[in-house]
A.B. asks: 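First the structure, which I've put down as structure tokens, then a few questions once you've had a look.
As the structure is a computational prediction, the values presented were derived from the model and not from experiment. Within every chain, numbering begins at 1; the chains are lettered A, B, ... in the order of the sequence lines, protein sequences first and strands thereafter. When reading the values below, keep in mind they use all heavy atoms of this one structure, side chains included, and skip hydrogens, waters and symmetry mates.
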2 protein chains.
Amino acid sequence: MGQPGLRERKKQKTRLALIDAALDLFLEQGYEATTVDQIAAAVDVSPRTFFRYFATKEDVALSLHVDGQEAMLAELACRPGEESPFTALSHAVRAMVTMLEEEDLAERARFLKAREVIDNTPALFAGSMRRVMENERQLIAEIARREGSGGDDLLPHFVVALATTVARVGFEFCPPTGVDDLAALAARLEATLALAERSLRPGWDRP
Amino acid sequence: MGQPGLRERKKQKTRLALIDAALDLFLEQGYEATTVDQIAAAVDVSPRTFFRYFATKEDVALSLHVDGQEAMLAELACRPGEESPFTALSHAVRAMVTMLEEEDLAERARFLKAREVIDNTPALFAGSMRRVMENERQLIAEIARREGSGGDDLLPHFVVALATTVARVGFEFCPPTGVDDLAALAARLEATLALAERSLRPGWDRP
DNA sequence: TAATTTATGTCAGCTCATGACATGTGACAA
DNA sequence: TTGTCACATGTCATGAGCTGACATAAATTA
């Protein structure tokens, strides 16, 4: 009886259907060129209902992205306090990928599609950056808390900014996604982390 | 005959008037709360005309930001080829501030206003990040050219990303802007550059 | 002054997004 | 099973951002 009830299941189903329909349409004819009405029609739902699931047209493409961010924050909260800030953040970044690796096949496909659409749509890219930036504030707060530094200390800002930069470079500019590029993505991320590690002085992230 | 002609002068005047009116309204009542019609009315111009000057409502707030980006690119192009990538980029970042310091008083006030509005408006912040990212592609291309590295080389991506990160941290989170915070801005930027310098291994930005 | 260019105004229309209210469908207890 | 309640959805109306088409007014040039 772990089942969440018919109502809830229907909602989840509609939600995923909306995401899938939206991503397919975005890939086919572009983000700007597809209307909310089209997405709603594809799922056989009123346009008004679309906006009950997603606040904006943007959101439907970025919802998975958000899950990743949350996973990152959650992982950071779990890291032991002795770990140096950047090490902890590295693990948090990796968590985004490992989380995906445990997912459904359909879910992974969905994520890769979303990534492709976002990469090819400036408006969506901007939106994703905005979310990254908002997430960054929380990361900074958490790092500052761990390290007991003041609010106007530059270091936490810099460390977090560097970590998100690494994540960004790692996730960006991957070759055209094939069937399951998750492995390639993970490899690229590791390469970027290694590059960062090798570029920085030991102990740089602690005063 | 150095004069650009009445027509051109009028256009520049209208353009600046639109920017000023928009920024003032954004500061007063918030970005989302002010309509294009209001901005147009404040300058006594039809709403349609507004969109002939700025493609979107966002653009009117971000136009100055764009000038800075262009200055950065221009400065990078001027830097001597022997200079290591990150050093060249540092100077390019500084150019954004020095350019402002040579500007009109009104222009500087405009810039500071714009910065304040952008910082307090997620939507605008996202837009500015998008432009930064688009600019980043050009910076990467230029660095790759200087260094003669291939298109899939991680290093140029990383170096440029780090430079824009420094710029971002340097420009962000300044205390509430007073009359002319340009000096404070410059100081903060220098502090961030110093922090980066001190965190990185010598020669990290060259293979 | 006349002819040509071009900035602006007007209007009509599309899409995104939201509030208000009605309706239908699952949840749950008697 | 049935009846009630909660809530997901549909319908309608509205406003804001943005664009195309065409007319008008102003500046430039001859």
Side-chain angles (χ1 to χ4, degrees), chain A residues 1-19 21-23 25-26 28-63 117-118 121-128 130, chain B residues 1-19 21-23 25-26 28-63 117-118 121-124 126-127 130:
Chain A
M1 40 119 295
Q3 284 293 44
L6 174 55
R7 201 174 236 162
E8 198 58 29
R9 273 178 286 143
K10 263 188 157 179
K11 264 173 56 176
Q12 289 309 320
K13 204 174 144 191
T14 310
R15 186 185 152 78
L16 289 181
L18 282 171
I19 295 181
L23 291 178
L25 285 169
F26 292 164
E28 264 176 55
Q29 47 184 24
Y31 172 75
E32 332 270 1
T34 92
T35 68
V36 171
D37 289 30
Q38 286 177 316
I39 303 172
V43 185
D44 222 54
V45 145
S46 94
R48 188 67 184 87
T49 291
F50 173 92
F51 285 107
R52 291 202 173 91
Y53 281 88
F54 303 98
T56 69
K57 189 171 103 171
E58 205 185 73
D59 275 16
V60 73
L62 263 37
S63 62
V117 172
I118 294 171
T121 312
L124 288 179
F125 195 78
S128 87
R130 166 169 146 209
Chain B
M1 41 116 294
Q3 283 293 45
L6 173 55
R7 202 173 236 160
E8 197 59 29
R9 273 178 285 145
K10 264 186 156 180
K11 263 172 61 177
Q12 288 310 318
K13 204 174 143 191
T14 311
R15 185 187 155 79
L16 289 181
L18 282 171
I19 296 180
L23 291 178
L25 286 168
F26 293 164
E28 264 176 55
Q29 46 185 13
Y31 172 74
E32 332 271 2
T34 93
T35 68
V36 171
D37 289 31
Q38 287 178 314
I39 303 173
V43 185
D44 222 54
V45 145
S46 94
R48 187 67 184 86
T49 291
F50 174 92
F51 285 109
R52 288 203 250 261
Y53 280 87
F54 304 98
T56 68
K57 187 172 104 171
E58 204 184 73
D59 274 17
V60 72
L62 263 38
S63 63
V117 172
I118 293 171
T121 312
L124 288 179
R130 166 171 146 206

A.B. asks: So, is B:T35 near the phosphate of D:dA16, with a side-chain N or O under 4.0 Å from OP1 or OP2?
C.D. replies: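 Answer no for this pair, as no side-chain N or O of B:T35 is under 4.0 Å from OP1 or OP2.
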A.B. asks: For A:K11 and D:dA8, is the shortest distance between a side-chain N/O and OP1 or OP2 below 4.0 Å?
C.D. replies: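 Yes.
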A.B. asks: Counting any heavy atom closer than 4.0 Å, what does A:S46 reach on the DNA or RNA strands: base, sugar-phosphate only, or nothing?
C.D. replies: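 Base contact - A:S46 has a heavy atom under 4.0 Å of at least one base atom.
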A.B. asks: Do any side-chain nitrogens or oxygens of A:Y53 fall under 4.0 Å of OP1 or OP2 in D:dA8?
C.D. replies: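 A:Y53 to D:dA8 OP1/OP2: no side-chain N or O under 4.0 Å.
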A.B. asks: Measure the distance from CD on B:Q12 to P on C:dA7 and round it to the nearest whole Å.
C.D. replies: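 Going from CD in B:Q12 over to P in C:dA7 covers 11 Å.
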A.B. asks: For A:R7 and D:dC5, what is the distance between atoms CZ and C1' respectively, to the nearest whole Å?
C.D. replies: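 Answer to the nearest Å: 9 Å.
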A.B. asks: What is the distance, rounded to the nearest whole Å, between atom CZ of B:R48 and atom C1' of D:dA21?
C.D. replies: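 My rounded result for the distance is 10 Å.
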A.B. asks: Report which part of the nucleic acid A:F50 touches: base, sugar-phosphate, or nothing (heavy-atom distance under 4.0 Å, all strands).
C.D. replies: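 The residue A:F50 makes no contact with any strand.
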A.B. asks: Report the distance from atom CG of B:D37 to atom P of D:dT19, rounded to the nearest whole Å.
C.D. replies: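 Nearest whole value for this atom pair: 15 Å.
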A.B. asks: side-chain contact (heavy atoms from CB on, under 4.5 Å) for B:V60 and B:Y53? Distances and angles first, verdict last.
C.D. replies: CA-CA 8 Å; B:V60 72; B:Y53 280 87; over 6 Å; no
A.B. asks: Grab the CZ-C1' distance between A:F51 and D:dA16 for me, whole Å please.
C.D. replies: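 Roughly 13 Å, once rounded to whole Å.
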A.B. asks: Rounded to the nearest Å, what distance is computed from the NZ atom of residue B:K10 to the P atom of nucleotide C:dT6?
C.D. replies: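 Taking NZ of B:K10 and P of C:dT6, I get 16 Å after rounding.
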A.B. asks: How many Å lie between CZ on B:R52 and P on D:dA23, as a whole number?
C.D. replies: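 Result: 14 Å.
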A.B. asks: Could you go step by step and tell me if B:R9 and B:L6 meet the side-chain contact (heavy atoms from CB on, under 4.5 Å) rule?
C.D. replies: CA-CA 5 Å; B:R9 273 178 285 145; B:L6 173 55; 3.8 Å; yes
A.B. asks: Give me the atom names and distance for the closest heavy-atom approach of B:G127 to B:L62.
C.D. replies: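 Scanning both residues, the minimum pair turns out to be C-CD2, 3.6 Å.
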A.B. asks: Between B:R9 (CZ) and C:dA7 (P), how many Å, whole number?
C.D. replies: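 After rounding, the gap between these two atoms is 15 Å.
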A.B. asks: Kindly indicate, with the supporting measurements, whether the criterion side-chain contact (heavy atoms from CB on, under 4.5 Å) is fulfilled by A:T121 and A:E32.
C.D. replies: CA-CA 9 Å; A:T121 312; A:E32 332 270 1; 4.2 Å; yes
